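First comes the structure, then the notes that go with it.
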Amino acid sequence: MSSVTATKRSGATEPAAGRRPDRRRRDHGAWFLVLPALLPILLLSVGPLLYGLALAFTDAQSGRTQATQWVGLLNFRDLLHDTLFWESFRIGLLWAVGVTVPQFLLALGLALLLDERLRLRWLARALAIVPWAMPEVVVGIMWRLVYNPDAGILNETIRDLGLGDGRDWLTGLATALPAVILVGVWAGMPQTTVTLLAGLQNTPRELHEAAALDGAGAWRRFRTVTWPALRPVALAITALNFIWNFNSFALVYVLTNGGPGGRTRLPMLFAYEEAFRYGQFGYAAAMGCVMVAVISVLLALHLVGRLRGGEER
């Protein structure tokens with residue numbers, strides 16, 4: 001009896017022991033397949049991030065003949081008292097919210113329209129993504145021409161309609177930030193539209209038809225059928241848009257270069273000026289660390305909210 005039990009035990013353990021080498025070989029094969037995609041991320045993203053983090057604790061400067069010294073938290077202590085940086089941080093939050101919210105609302109309306117069975121819908125969808133295909137530098141140059149105070153199409157239209165002589169939109173203290181926000185909304189709306197349109201097309205048509213047979217109107221169908229199915233996609237693209245908008249650089253740099261009087265100086269632009277105009281690499285790296293920390297906290301809060309929402313469902 002004991003021999004039978006021993007045989008069973010040995011038979012039960014031998015396949016498990018034999019599976020371990022196979023599992024290790026599969027794991028090694030998976031890492032081998034992932035490695036080509038992982039190496040560029042490590043070299044181009046993680047590596048520079050770690051280098052910038054280390055640079056934030058030094059007094060690195062351009063054109064300095066002396067060796068770079070470790071200064072600990074000195075850069076961060078100076079940053080706490082830098083009113084210009086925190087002003088740029090406030091402007092960055094205004095810019096990110098001011099672009100992300102209208103961007104989402106307009107993109108949602110456009111996605112709902114493009115989801116309908118319209119004539120030439122394929123052409124409308126193709127035209128809707130044209131701004132997305134344009135580089136930010138080209139978009140900035142194009143809108144500088146639109147806002148041109150002398151020959152821009154915006155001021156010319158205002159004059160033709162008899163609404164006044166127009167104004168210099170990008171250099172006015174009261175109009176610079178709203179004008180730049182308008183460009184940001186226009187440039188980023190196609191990406192949000194495409195994402196929301198993909199989410200709408202994954203919503204079963206049968207649910208809409210059943211709700212319509214029950215007498216539900218358009219708003220009720222959107223509230224009870226469309227939005228619950230679209231909500232995860234909407235939350236994800238809104239969080240990503242906020243991060244991308246907060247880290248914007250090229251568009252604002254081309255349009256206003258942070259002016260007038262710092263009214264459009266976003267945090268990324270402020271850090272760029274500290275590094276490449278004034279040569280304060282260590283101080284600029286500390287700014288970058290603060291921005292990464294804030295974005296990480298916001299992203300963590302978003303993920304926690306998503307997880308709690310999933311548990312409640």
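This structure is a prediction, so every number in the text was calculated from the model and none was measured.
For the pair P190 and V130, the minimum side-chain heavy-atom distance is 4.5 Å or more. Side-chain contact between N75 and D59: absent, with no pair of heavy atoms (C-beta onward) separated by less than 4.5 Å. Two residues are said to be in side-chain contact when any heavy atoms from C-beta on lie closer than 4.5 Å; W244 and Q191 meet this criterion. Counting heavy atoms from C-beta outward, W143 and W186 have side chains that approach closer than 4.5 Å. In this structure the side chain of W132 reaches within 4.5 angstrom of the side chain of V194, judged on heavy atoms. Contact annotation: the side chain of T58 never approaches that of Q69 to less than 4.5 Å [non-hydrogen atoms, C-beta and beyond].
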(message) Go through it in stages, so that I can follow the logic: the residues are F89 and L266, the test is side chain to side chain contact (heavy atoms under 4.5 Å, CB included), and I'd like the CA-CA distance, side-chain angles, deciding distance and then a yes or no.
(response) CA-CA 7 Å; F89 210 89; L266 305 182; over 6 Å; no

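Residues L255 and I153 fall within the same hydrophobic cluster, defined by Ile, Leu, Val, Met, Phe, Trp and Tyr side chains chained together at heavy-atom separations under 4.5 Å. A single hydrophobic cluster is not seen to contain both Y51 and L43; linkage of ILVMFWY side chains at heavy-atom distances under 4.5 Å, directly or through other members, places them apart. Taken together through direct or relayed side-chain contacts under 4.5 Å among Ile, Leu, Val, Met, Phe, Trp and Tyr, L84 and W86 form part of one hydrophobic cluster. No chain of hydrophobic side-chain contacts below 4.5 Å, direct or via other Ile, Leu, Val, Met, Phe, Trp or Tyr residues, connects M134 to V254. No path of Ile, Leu, Val, Met, Phe, Trp and Tyr side chains, each step under 4.5 Å between heavy atoms, connects F281 with V71, placing them in separate hydrophobic clusters.
Residues that satisfy the side-chain hydrogen bond (donor to acceptor under 3.5 Å, both in side chains) test with R90, not counting sequence neighbours, are E87.
Atom OG1 of residue T226 and atom CG of residue L196 lie 12.0 Å apart, to the nearest 0.5 angstrom. Rounding to the nearest 0.5 angstrom, the gap separating the OG1 atom in T193 from the CD atom in Q103 is 8.5 Å. Here the straight-line distance linking atom CD1 of I295 with atom CD1 of I243 works out to 5.5 Å at 0.5 Å rounding. In this structure, CG in L235 is found 11.0 Å from CG in L240, a value given to the nearest 0.5 Å. The distance from atom CG of D78 to atom CD of Q280, rounded to the nearest 0.5 Å, is 10.0 Å. With rounding to the nearest 0.5 angstrom, the CG atom of L197 is 6.0 Å from the CG atom of L114.
Within 6.0 Å of CZ in R220 there are 12 or fewer heavy atoms belonging to other residues, nucleotides or ligands. For R125, the CZ atom sits in a packed shell: over 12 heavy atoms of surrounding residues, nucleotides or ligands are nearer than 6.0 Å.
By the 30° and 60° cut-offs, the orientation of the rings of F249 relative to Y253 is parallel. Between F222 and W227, the ring-plane angle classifies as tilted under the 30° and 60° cut-offs. Note: F242 and F246 have parallel aromatic rings, judged against thresholds of 30 and 60 degrees for the angle between ring planes.
Of the listed residues (L93, V185, V97, V99), just one forms a side chain to side chain contact (heavy atoms under 4.5 Å, CB included) with N245, and that residue is V99.
A distance-only check finds no donor-acceptor pair linking the side chain of R265 to the backbone of F270 [under 3.5 Å]. Listed for the N202 side chain is a donor-acceptor partner under 3.5 Å among the backbone atoms of A198.
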Listing, residues 165-184 side-chain donor-acceptor contacts under 3.5 Å, not counting sequence neighbours, or none:
{"unit_1": "D168", "atom_1": "OD1", "unit_2": "T171", "atom_2": "OG1", "d": "3.3"}
{"unit_1": "D168", "atom_1": "OD2", "unit_2": "T171", "atom_2": "OG1", "d": "2.8"}
{"unit_1": "W169", "atom_1": "NE1", "unit_2": "N155", "atom_2": "OD1", "d": "2.9"}
{"unit_1": "W169", "atom_1": "NE1", "unit_2": "R167", "atom_2": "O", "d": "3.4"}
{"unit_1": "T175", "atom_1": "OG1", "unit_2": "W169", "atom_2": "O", "d": "2.8"}

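Side-chain atoms of N241 and T192 include a donor-acceptor pair closer than 3.5 Å. Side-chain N/O atoms of T256 and T264 include a donor and acceptor closer than 3.5 Å.
Considering every non-hydrogen atom in both A271 and M291, the closest pair reads CB-CE, 4.1 Å. Residues L110 and M189 approach most closely at CD2-CE, 4.3 Å, considering heavy atoms. Residues L53 and C289 come closest through the heavy atom pair CD1-SG, 3.6 Å. Taking all atoms of both residues into account, the shortest heavy-atom contact from S248 to M268 is O-CB, 3.7 Å. Between R277 and N257, the closest heavy-atom pair is NH2-ND2, 3.7 Å. Taking both residues in full, the closest heavy atoms of E136 and L251 are given as O-CD1, 3.7 Å, listed atom of the first, atom of the second, then distance.
Ring centroid separation for the pair F76 and F57 comes in under the 6.0 Å cut-off.
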